[in-house]
Number of protein chains: 2
Amino acid sequence: MLMDPDFLPRRRLLTAIKNAEHATQQVKDAAVRAAGLTMAQYNVMILLTETPGITSAELARRCFVSPQSMNETVAKLEKAGLIERTPHPLHRHVRETVVTPAGRILLDEADDRVLELERLLRDHIPREQQEVLRDLLATIEALAHGRE
Amino acid sequence: MLMDPDFLPRRRLLTAIKNAEHATQQVKDAAVRAAGLTMAQYNVMILLTETPGITSAELARRCFVSPQSMNETVAKLEKAGLIERTPHPLHRHVRETVVTPAGRILLDEADDRVLELERLLRDHIPREQQEVLRDLLATIEALAHGRE
DNA sequence: ATGTGATATCAGGTTACCTGATAAAGAGCA
DNA sequence: TGCTCTTTATCAGGTAACCTGATATCACAT
């Protein structure tokens, strides 16, 4: 059963995306782990830095994981004192989540190393190409989400 | 502690890559799971289709995982009858791995659905842009691998 | 013949997911 | 008021995919 050679795995956009992501993920993982965090924890804290005070349920939605899964990550971060969860003034069983100063220190340590990679990429890719890449990846993300 | 707004998470190439990969991965995962395979199994079988007869150790190297980890995946595929491992004629404790006809059927079933996504992407991205994207992602992969 | 290196594989452990089941509280409505 | 619907949070149990460490085996070069 012959396959169109233009659709062989090594010619696929999906393969190129997976490979690039996997390679960058490995570097990020080492950076994050060096600060004593896991990737899941790092991702949550990054989100909390951008939009402080969101709930665990909201974090789950933004990360496209189940609330239960996010709850696990958040519970571990809380026990480690890296985030704080305070009851919402109106809706008391809802808990607003923020990064603590201690968490911020670890996050910065991890993110500094991640940013080294980001800068490396930008130093090797012309600015206009960076825009093209961002656009293409956003298009792809949207197309994929439309398939779920 | 203020951050250069151009390096905020939502402006990062690394974020764009992660998001696109995650979205496509979800679709692929559903496709693969519908055929009764896991992503790890699918990836191994795809590699075996491109280069039949390679060893578990070689598969591990190409997937950037430990030999032990790959051994697990391969053992499960073998037990399910989806791959076959025959002793190398010269080096008898080395086992050459190939996809069985039964495995091929499941793989094709999974890959048909994955190719639907690949085609969707290509239908929405001009051909020249596809080349640009492949090049950029290959560059990024190489840069990241250089950092390990 | 002997040590080096590669392959294979067992054992044990972690992380990040998942589904299912509950509890608790606010929101909308009869 | 009381009742149902939805959302949030969380416990319990389970799985896939990784990891490190320890062994056994065998080819090969010194």
Side-chain angles (χ1 to χ4, degrees), chain A residues 18 21-23 25-26 28-30 32-45 47 53-80 82-97 110 148, chain B residues 18 21-23 25-26 28-30 32-45 47 53-80 82-97 110 148:
Chain A
K18 187 196 70 178
E21 197 279 339
H22 192 268
Q25 144 78 27
Q26 301 256 79
K28 278 161 64 181
D29 195 68
V32 163
R33 224 161 267 285
L37 298 171
T38 68
M39 273 304 297
Q41 292 171 348
Y42 167 81
N43 287 331
V44 165
M45 290 172 85
L47 272 180
I54 58 180
T55 65
S56 178
E58 181 58 27
L59 283 166
R61 260 175 253 117
R62 298 199 190 188
C63 290
F64 304 100
V65 302
S66 68
Q68 294 94 325
S69 186
M70 182 53 69
N71 187 42
E72 242 179 89
T73 302
V74 157
K76 208 169 271 184
L77 280 171
E78 188 182 22
K79 200 190 292 189
L82 305 181
I83 63 173
E84 220 172 39
R85 309 172 72 193
T86 57
H88 188 285
L90 294 177
H91 313 270
R92 264 170 305 162
H93 81 296
V94 173
R95 307 174 67 187
E96 293 178 325
T97 306
E148 277 172 57
Chain B
K18 187 196 69 178
E21 197 279 337
H22 192 268
Q25 144 78 28
Q26 302 255 81
K28 279 163 62 181
D29 195 69
V32 163
R33 224 162 268 285
L37 297 172
T38 67
M39 273 304 296
Q41 292 171 348
Y42 167 82
N43 287 330
V44 164
M45 291 172 84
L47 272 179
I54 58 180
T55 64
S56 178
E58 181 58 28
L59 283 167
R61 259 174 253 118
R62 299 199 189 189
C63 291
F64 303 100
V65 303
S66 68
Q68 294 94 326
S69 187
M70 183 53 69
N71 187 44
E72 243 178 89
T73 302
V74 158
K76 208 169 273 182
L77 280 170
E78 188 182 20
K79 200 188 295 189
L82 305 181
I83 63 173
E84 219 172 39
R85 309 170 73 194
T86 57
H88 188 286
L90 294 176
H91 313 270
R92 263 170 305 162
H93 79 296
V94 172
R95 307 174 68 186
E96 294 179 325
T97 307
E148 276 171 58

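Residue numbers start from 1 in every chain, and the chains themselves are labelled A, B, ... in the order their sequence lines are given, proteins ahead of strands.
The side-chain heavy atoms of A/T97 and A/E78, taken from C-beta on, include no pair separated by under 4.5 Å. Proximity of B/N43 to A/K18: side-chain heavy atoms (C-beta onward) are separated by under 4.5 Å at one or more points. Between B/V32 and B/Q41, every side-chain heavy-atom pair lies at or beyond the 4.5 Å cut-off.
End-to-end axis angle of the helix from C/dA1-D/dT30 to C/dA30-D/dT1, using five pairs per end and rounding to 10°, comes to 10°.
Residue A/Q41 contributes atom CD, which lies 10 Å from atom C1' of C/dT15 at whole-angstrom precision. Atom NZ of B/K28 and atom C1' of D/dA16 are 17 Å apart (whole Å). Protein atom CD of B/Q26 is 11 Å distant from nucleotide atom C1' of C/dC17, rounded to whole Å. The CE atom of B/M39 sits 15 Å away from the C1' atom of C/dC17 (whole-angstrom rounding). Following rounding to the nearest Å, A/M70 (CE) and D/dT7 (P) show an atom-to-atom distance of 18 Å. Between B/L37 atom CG and D/dA17 atom P the separation is 10 Å, expressed in whole Å. We find that CG of A/L90 is positioned 15 Å from C1' of D/dT7, with the value rounded to whole Å. In this structure, CD1 of A/I54 is placed 17 Å from P of D/dT7, rounded to the nearest angstrom.
In this structure B/R62 satisfies the side-chain contact (heavy atoms from CB on, under 4.5 Å) test together with B/L47, B/T51, B/I54, B/E58, sequence neighbours excluded. Under the side-chain contact (heavy atoms from CB on, under 4.5 Å) criterion, B/Q26 pairs with A/F64, A/E148, B/H22, not counting sequence neighbours.
We find the OG-CG distance between B/S56 and B/L77 to be 10.0 Å, quoted to the nearest 0.5 Å. One distance of note links CD of B/Q25 with CD of A/E21; it measures 8.5 Å at 0.5 Å rounding. Between B/R95 atom CZ and B/T55 atom OG1 the span is 11.5 Å, to the nearest 0.5 Å. Atom CD of B/Q68 sits about 11.5 Å away from atom CE of B/M70, to the nearest 0.5 Å. Residue B/M39 holds its CE atom at 11.5 Å from OG1 of B/T73, rounded to the nearest 0.5 Å.
Listed pair B/T38 / D/dA17 meets the phosphate criterion, a side-chain N or O lying under 4.0 Å from OP1 or OP2. Phosphate proximity of C/dT15 to A/T73: absent, as no side-chain N or O sits under 4.0 Å from OP1 or OP2. Residue A/S66 places at least one side-chain N or O closer than 4.0 Å to OP1 or OP2 of C/dC18.
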Produce the list of close N/O pairs, under 3.5 Å, pairing protein atoms with atoms of nucleotides 3-6 of chain D; give distances to one decimal.
none

All N/O pairs under 3.5 Å across the protein-nucleotides 28-30 of chain D interface:
none

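Shortest non-hydrogen contact noted between B/P67 and B/A60 is CA-CB, 3.8 Å. The two residues A/L82 and A/L37 have their closest heavy-atom pair at CD1-CD2, 3.7 Å.
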(message) Generate the contact string for nucleotides 6-14 of chain C. Rules: B means base contact, S means sugar-phosphate contact only, - means no protein heavy atom under 4.0 Å.
(response) -BSBB----
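Toward the 5′ end of DNA chain C lies the nearest nucleotide of A/R33, the other residue of the pair A/R33 and A/F64 mapping further downstream.
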